[in-house]
Protein chains: 2
Amino acid sequence: MTLNQNTFTGEYSYALDAKGRVNIPAKFRNVLTADNDQSFVITRGMDPCVWVYPIIVWQSIEDELRKLSSLSQVNRSFVRSTVRYASSVQYDKQGRIAVSSNLIQYADLGKEVLILGMVNKIEIWNPDILDSVDKQSQKIDSSQFDELANQIIL
Amino acid sequence: MTLNQNTFTGEYSYALDAKGRVNIPAKFRNVLTADNDQSFVITRGMDPCVWVYPIIVWQSIEDELRKLSSLSQVNRSFVRSTVRYASSVQYDKQGRIAVSSNLIQYADLGKEVLILGMVNKIEIWNPDILDSVDKQSQKIDSSQFDELANQIIL
DNA sequence: ATATATTGTGGGTAGTTGTGGGTAATAATC
DNA sequence: GATTATTACCCACAACTACCCACAATATAT
């Protein structure tokens, strides 16, 4: 398969078990480069969902944060809010990662979860919440998409 | 796991015991390089919290301080306030460090504390104070905050 | 169509981690 | 020098996590 490395697309339905574990879809694991050491960084998403980055991708974020001096108040609160809920996880022999109860609560995850590929990261959603967020964002008026047109070619 | 060395992320709830000891989260201890000799430098944070640096990281800060000319009044008082409350601690067999009563007072720590990874250092907070500081700073600098987010968050 | 490999899900077990308390060594005070 | 306070070091235990195995469902190959 010649898909881009560390790049994820598609939607998958999976189970979050009693121990707080979810499977990472095999298709996602197979495009993970070896230097990730089968590991991700899992954190709060900007939407009410969980974000999962390949560790290599996350490290580039960390490197940027490291450059910010803690003398500045804004810098401090930005670093804090960015890394506060982030932690690294390695998937087990069965391909599952553990989701902390903190994140399960934040994204209001139940037994059934939706896993979305989002190009450079993965999102884990409660299906109902994704639905309502989706409907809401359809109301966003098309002028905002016009703005995006300047930045990306589809 | 291939996380960056001497780099900390995530939020953890821990207990400060009657003897003034707190556990350093295992995840943090495990990314500490051996040359730190299981030791940190603990000092006052710029926010009302306690800062905990790996000794190796702290040494590089000292190197920077050394470069600041003492001709400037601002420099002098900055160096003074930075170094004044700093002291080194080694964690015990159970992974705990002792927090001096001076610092406990400064950060107003009770039995329950929050430990935050802040990339190159660790913060120890009273949860209530973190809450209010967090809310306040989000009001004040939201525009600068967004700017940083646009540059750094992937 | 059948056999083989891969993938998703559940659960058990051994080791690790967090927390409290105890005892000995050291320092401080009278 | 004796007494008290403080600190460093050790042990115990409950809770949790990482790791392993089992098995059913799905996909792939023969």
Side-chain angles (χ1 to χ4, degrees), chain A residues 1 3 8-32 36-42 50 52 55 85-105 109-117 122 124-125 127, chain B residues 1-3 8-32 37-42 50 52 55 87-105 109-117 122 124-125 127:
Chain A
M1 197 180 295
L3 259 180
F8 316 101
T9 60
E11 175 183 298
Y12 303 86
S13 174
Y14 279 90
L16 181 74
D17 73 16
K19 292 182 179 177
R21 299 174 296 187
V22 233
N23 206 305
I24 299 294
K27 284 202 174 178
F28 291 177
R29 295 198 306 263
N30 292 337
V31 294
L32 250 202
N36 284 286
D37 196 28
Q38 314 191 321
S39 301
F40 296 92
V41 166
I42 185 170
V50 174
V52 183
I55 224 175
Y85 301 102
S87 83
S88 72
V89 280
Q90 190 175 35
Y91 62 76
D92 66 15
K93 238 175 185 172
Q94 281 66 248
R96 294 170 294 191
I97 58 168
V99 184
S100 72
S101 57
N102 193 313
L103 291 173
I104 291 177
Q105 263 191 304
L109 300 179
K111 180 158 166 54
E112 191 202 342
V113 299
L114 277 184
I115 301 192
L116 305 189
I122 299 164
I124 306 177
W125 284 85
Chain B
M1 216 170 292
T2 38
L3 254 183
F8 315 100
T9 64
E11 175 186 282
Y12 302 85
S13 175
Y14 280 91
L16 182 74
D17 71 17
K19 294 181 181 177
R21 300 174 297 186
V22 233
N23 206 303
I24 299 293
K27 283 208 170 184
F28 292 178
R29 295 197 307 263
N30 292 337
V31 294
L32 252 202
D37 195 29
Q38 314 190 320
S39 300
F40 296 92
V41 167
I42 187 171
V50 174
V52 182
I55 262 203
S87 73
S88 73
V89 280
Q90 190 174 35
Y91 62 76
D92 66 15
K93 233 175 187 172
Q94 280 68 246
R96 294 170 293 193
I97 58 168
V99 184
S100 72
S101 57
N102 193 312
L103 291 173
I104 291 177
Q105 263 191 304
L109 301 179
K111 181 160 165 54
E112 191 201 343
V113 299
L114 276 184
I115 301 192
L116 303 189
I122 299 164
I124 306 176
W125 284 85

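Fair warning: this is a prediction, and the values are worked out from it, not measured in the lab. What you see below is based on every heavy atom in this structure, not just the backbone, and it leaves out hydrogens, waters and symmetry mates.
Every side chain to side chain contact (heavy atoms under 4.5 Å, CB included) that A:Ala15 has, sequence neighbours left out, goes to A:Lys111. Taking A:Tyr14 as the reference, nothing meets the ring-ring contact (aromatic ring centres under 6.0 Å, His included) condition, with sequence neighbours excluded. Residues forming a side chain to side chain contact (heavy atoms under 4.5 Å, CB included) with A:Ser13 (at least two apart in sequence, or on another chain): A:Glu112, A:Leu114. Looking at residues two or more places apart in sequence or on another chain, you find a salt bridge (charged side-chain N to carboxylate O under 4.0 Å, His left out) between B:Asp17 and B:Arg21, B:Arg96. Remark: B:Glu11 engages A:Arg84 in a side-chain hydrogen bond (donor to acceptor under 3.5 Å, both in side chains) (not counting sequence neighbours). With sequence neighbours excluded, no residue forms a ring-ring contact (aromatic ring centres under 6.0 Å, His included) with B:Phe40. For B:Ser88, the side chain to side chain contact (heavy atoms under 4.5 Å, CB included) partners at least two apart in sequence or on another chain are B:Val41, B:Ile55. Residues that satisfy the side chain to side chain contact (heavy atoms under 4.5 Å, CB included) test with A:Thr9, not counting sequence neighbours, are absent from this structure.
Residue A:Tyr91 contributes atom OH, which lies 13 Å from atom C1' of C:dT7 at whole-angstrom precision. The interatomic distance linking B:Tyr14 (OH) with C:dT19 (C1') rounds to 11 Å, in whole Å. Rounded to whole Å, atom P of C:dT19 lies 13 Å from atom CD1 of B:Ile97. When rounded to the nearest whole Å, the span between CD1 of B:Ile124 and P of C:dG18 equals 14 Å. Going from atom CD1 of B:Ile115 over to atom P of C:dT17 covers 15 Å, rounded to whole Å. Note: CG (B:Asp92) to C1' (C:dG20) measures 12 Å, nearest angstrom. Between the CD1 atom of A:Ile24 and the P atom of C:dT9 there is a distance of 12 Å, given to the nearest Å. In this structure, OH of A:Tyr12 is placed 12 Å from P of C:dT7, rounded to the nearest angstrom.
Contact check for A:Ser100 versus B:Tyr12: no side-chain heavy atoms found under the 4.5 Å cut-off. When side chains are defined from C-beta on, B:Leu32 counts as touching B:Tyr91, because their heavy atoms get closer than 4.5 Å.
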So which protein nitrogen or oxygen atoms get under 3.5 Å of nucleotides 12-14 of chain C's nitrogens or oxygens?
residue: C:dG12; atom: N7; partner: A:Lys19; partner atom: NZ; Å: 3.4
residue: C:dG12; atom: O6; partner: A:Lys19; partner atom: NZ; Å: 2.1

Could you run down the sub-3.5 Å N/O contacts of the protein with nucleotides 11-14 of chain D?
residue: D:dC11; atom: N4; partner: B:Gln94; partner atom: OE1; Å: 3.2
residue: D:dC11; atom: N4; partner: B:Gln94; partner atom: NE2; Å: 2.9

Which protein N or O atoms sit under 3.5 Å from an N or O of nucleotides 27-29 of chain D?
none

Begin with the C-alpha distance, continue with both residues' side-chain angles, and end with the deciding distance and a verdict on side-chain contact (heavy atoms from CB on, under 4.5 Å) for A:Val52 and A:Phe8.
-> CA-CA 11 Å; A:Val52 183; A:Phe8 316 101; over 6 Å; no

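Between A:Val50 and A:Leu103, the shortest heavy-atom distance links the atoms CG2-O, 3.9 Å.
Residue B:Ala15 places its side chain closer to C:dG20 than to any other of C:dG8, C:dG18, C:dG20. Of the candidates C:dG10, C:dG20, C:dG18, the closest approach to any side-chain atom of B:Asp17 belongs to C:dG20.
OP1 or OP2 of C:dT17 lies within a sub-4.0 Å distance of a side-chain N or O belonging to B:Asn30.
Between atom CD1 of residue A:Ile24 and atom CD1 of residue A:Ile122 there is a gap of 5.0 Å, rounded to the nearest 0.5 Å.
The C1' atoms of five pairs define one axis at each end of the helix from C:dA1-D:dT30 to C:dC30-D:dG1, and these two axes lie 30° apart (to 10°).
Inspection of the A:Asn36 and A:Arg29 side chains reveals no N or O donor paired with an N or O acceptor under 3.5 Å.
Between A:Ala18 and A:Pro25, the residue anchored nearer the 5' end of DNA chain C, judged by the nucleotide with its closest heavy atom, is A:Pro25.
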